[in-house]
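Encoded as structure tokens, the structure appears first; notes follow it.
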2 protein chains.
Amino acid sequence: MDTTQLLKGVLDLAVLAVVDGEDGYGYDIVRRLRDGGLSEVGDASVYGTLRRLYSAGALTSYVVPSEAGPHRKYYGITPTGHAQLKQQRDDWTSFATTVSALLQEVPA
Amino acid sequence: MDTTQLLKGVLDLAVLAVVDGEDGYGYDIVRRLRDGGLSEVGDASVYGTLRRLYSAGALTSYVVPSEAGPHRKYYGITPTGHAQLKQQRDDWTSFATTVSALLQEVPA
DNA sequence: GGACAGTAGTGTGCAATGCGCAGTACCGTG
DNA sequence: CACGGTACTGCGCATTGCACACTACTGTCC
């Protein structure tokens with residue numbers, strides 16, 4: 001099965017939600033998402049999303065020089081990002097409700 | 001707000017679900033989807049989806065000559081389509097559950 | 001009778017986005 | 001000092017929803 005298409009439009013939301021809990025860096029965020037159930041998410045997708053959200057002003061970033069390994073680019077959420085998270089969470093909720101309702105319209 | 005991206009991967013499912021209840025033609029299906037809550041769905045998207053599903057063998061089609069207006073191309077679901085519907089419905093349900101859970105991981 | 005609105009379907013090109021893959025860089029271990 | 005693991009970046013691709021333009025048929029109103 002291919003949940004790729006379902007991810008579209010939700011990855012932003014998922015990333016924001018994860019970062020909203022606690023700042024994180026790319027690799028870590030990928031792990032958190034996978035642990036959270038989005039096991040099929042690709043790392044490149046997450047990095048791309050982080051960059052996009054950063055460009056949009058939804059995230060801040062600061063580099064923490066390596067302690068063991070390469071540097072880590074941490075991301076934190078901005079007020080803009082928080083607003084976006086809230087908005088998209090509402091969108092998602094109402095959308096999910098609508099779709100679920102549509103699916104149940106069929107009794108037999 | 002823009003639910004465009006959310007629609008991706010769900011339109012197939014929505015169309016299958018609607019047709020599963022009763023055969024329908026493009027214009028009619030668009031109306032049913034909009035009435036069902038997907039108010040922002042574009043007509044071209046639905047026609048495109050119908051063609052795609054038909055090519056994939058998930059739908060049959062038969063033309064009913066006009067009674068009042070141009071001809072109508074009706075679509076019905078095939079066993080293949082039914083299987084796909086079932087599969088995608090499960091995918092959706094589990095995906096929606098996962099995402100909802102992710103979103104609630106953040107208490108504050 | 002002819003312009004026009006409404007219904008129904010098709011084709012084209014575009015934009016967004018997730019992904020695979022390759023590449024870079026840094027660390028500790030054998 | 002080669003190698004595997006961690007961390008990040010860049011490139012090109014495929015899918016898919018959408019706007020827009022176009023065809024075609026019917027009934028209505030002037």
Side-chain angles (χ1 to χ4, degrees), chain A residues 1-16 23-34 38-56 58-59 61-75 84 88 91-92 95 99, chain B residues 1-16 23-34 38-56 58-59 61-75 84 88 91-92 95 99:
Chain A
M1 69 215 74
D2 187 17
T3 51
T4 291
Q5 295 303 321
L6 290 176
L7 261 187
K8 299 209 177 215
V10 173
L11 233 199
D12 281 27
L13 179 54
V15 168
L16 284 174
D23 288 9
Y25 56 97
Y27 222 70
D28 175 50
I29 292 174
V30 172
R31 266 194 301 250
R32 285 201 239 164
L33 290 174
R34 290 196 175 140
L38 301 179
S39 51
E40 305 193 47
V41 73
D43 54 334
S45 306
V46 174
Y47 284 116
T49 301
L50 285 170
R51 274 177 253 160
R52 212 181 322 134
L53 289 173
Y54 177 72
S55 300
L59 296 177
S61 85
Y62 47 96
V63 172
V64 175
S66 64
E67 298 160 6
H71 69 286
R72 292 169 172 176
K73 194 180 264 184
Y74 275 78
Y75 290 92
Q84 190 180 332
Q88 294 199 329
D91 284 357
W92 160 259
F95 181 77
V99 172
Chain B
M1 67 214 75
D2 185 17
T3 51
T4 291
Q5 294 304 320
L6 290 177
L7 261 188
K8 301 209 175 215
V10 173
L11 232 198
D12 281 26
L13 180 54
V15 168
L16 283 174
D23 287 10
Y25 56 97
Y27 221 69
D28 175 50
I29 291 175
V30 172
R31 265 194 302 250
R32 285 200 239 164
L33 290 175
R34 290 197 175 137
L38 300 179
S39 51
E40 305 191 48
V41 73
D43 55 332
S45 306
V46 174
Y47 283 115
T49 301
L50 285 171
R51 274 178 254 159
R52 212 179 324 135
L53 289 173
Y54 177 72
S55 300
L59 297 177
S61 86
Y62 48 96
V63 172
V64 175
S66 64
E67 299 160 7
H71 68 284
R72 293 169 170 176
K73 192 180 266 183
Y74 276 78
Y75 291 93
Q84 189 179 333
Q88 293 199 329
D91 284 357
W92 160 260
F95 181 77
V99 172

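Residue numbers begin at 1 in each chain, while the letters A, B, ... track the order of the sequences. Note that the structure is predicted; figures quoted are calculated from it, not measured.
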(message) Using a heavy-atom cut-off of 4.0 Å across all strands, would you classify B/G9 as base, sugar-phosphate, or nothing?
(response)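 Here B/G9 touches the backbone only, sparing every base.
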Using atom [atom1] of [X] as one end and atom [atom2] of [N] as the other, report the distance to the nearest whole Å.
{"X": "B/L13", "N": "D/dT16", "atom1": "CG", "atom2": "C1'", "answer": "15 Å"}
{"X": "A/I29", "N": "D/dA7", "atom1": "CD1", "atom2": "P", "answer": "12 Å"}
{"X": "B/L50", "N": "C/dG11", "atom1": "CG", "atom2": "P", "answer": "13 Å"}
{"X": "A/L53", "N": "C/dG18", "atom1": "CG", "atom2": "P", "answer": "10 Å"}
{"X": "B/L7", "N": "D/dA19", "atom1": "CG", "atom2": "P", "answer": "11 Å"}
{"X": "B/L59", "N": "C/dG9", "atom1": "CG", "atom2": "P", "answer": "13 Å"}

(message) A/D28: which residues meet the side-chain hydrogen bond (donor to acceptor under 3.5 Å, both in side chains) condition with it, sequence neighbours left out?
(response)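 Result, side-chain hydrogen bond (donor to acceptor under 3.5 Å, both in side chains) vs A/D28: A/R32.
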(message) Please enumerate all residues that pass side-chain hydrogen bond (donor to acceptor under 3.5 Å, both in side chains) together with B/S45, with sequence neighbours excluded.
(response)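 Counting only residues at least two positions away or on another chain, B/S45 forms no side-chain hydrogen bond (donor to acceptor under 3.5 Å, both in side chains).
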(request) Indicate for each nucleotide in nucleotides 8-15 of chain D, in 5' to 3' sequence, whether protein heavy atoms under 4.0 Å reach the base (B), only the sugar-phosphate (S), or nothing (-). (result) BBB----B
(message) Test of understanding: with side chain to side chain contact (heavy atoms under 4.5 Å, CB included), list the residues that count as partners of B/Q5, not counting sequence neighbours.
(response)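 Result, side chain to side chain contact (heavy atoms under 4.5 Å, CB included) vs B/Q5: A/K8, B/K8.
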(request) Using side chain to side chain contact (heavy atoms under 4.5 Å, CB included) as the criterion, list what pairs up with B/R51, not counting sequence neighbours. (result)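 Expected list: B/Y47.
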(request) Look at A/T4 and C/dG18 and indicate whether a side-chain polar atom (N or O) is within less than 4.0 Å of OP1 or OP2. (result)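 Negative; the distance criterion is not met.
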(request) Mind listing the closest non-hydrogen atom pair of B/L6 and A/G9 along with its distance? (result)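 For B/L6 and A/G9, the tightest heavy-atom pair comes out as CD2-O, 3.6 Å.
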(message) A/Y74: which residues meet the ring pair (Phe, Tyr, Trp, His ring centres under 6.0 Å) condition with it, sequence neighbours left out?
(response) A/Y25, A/Y62
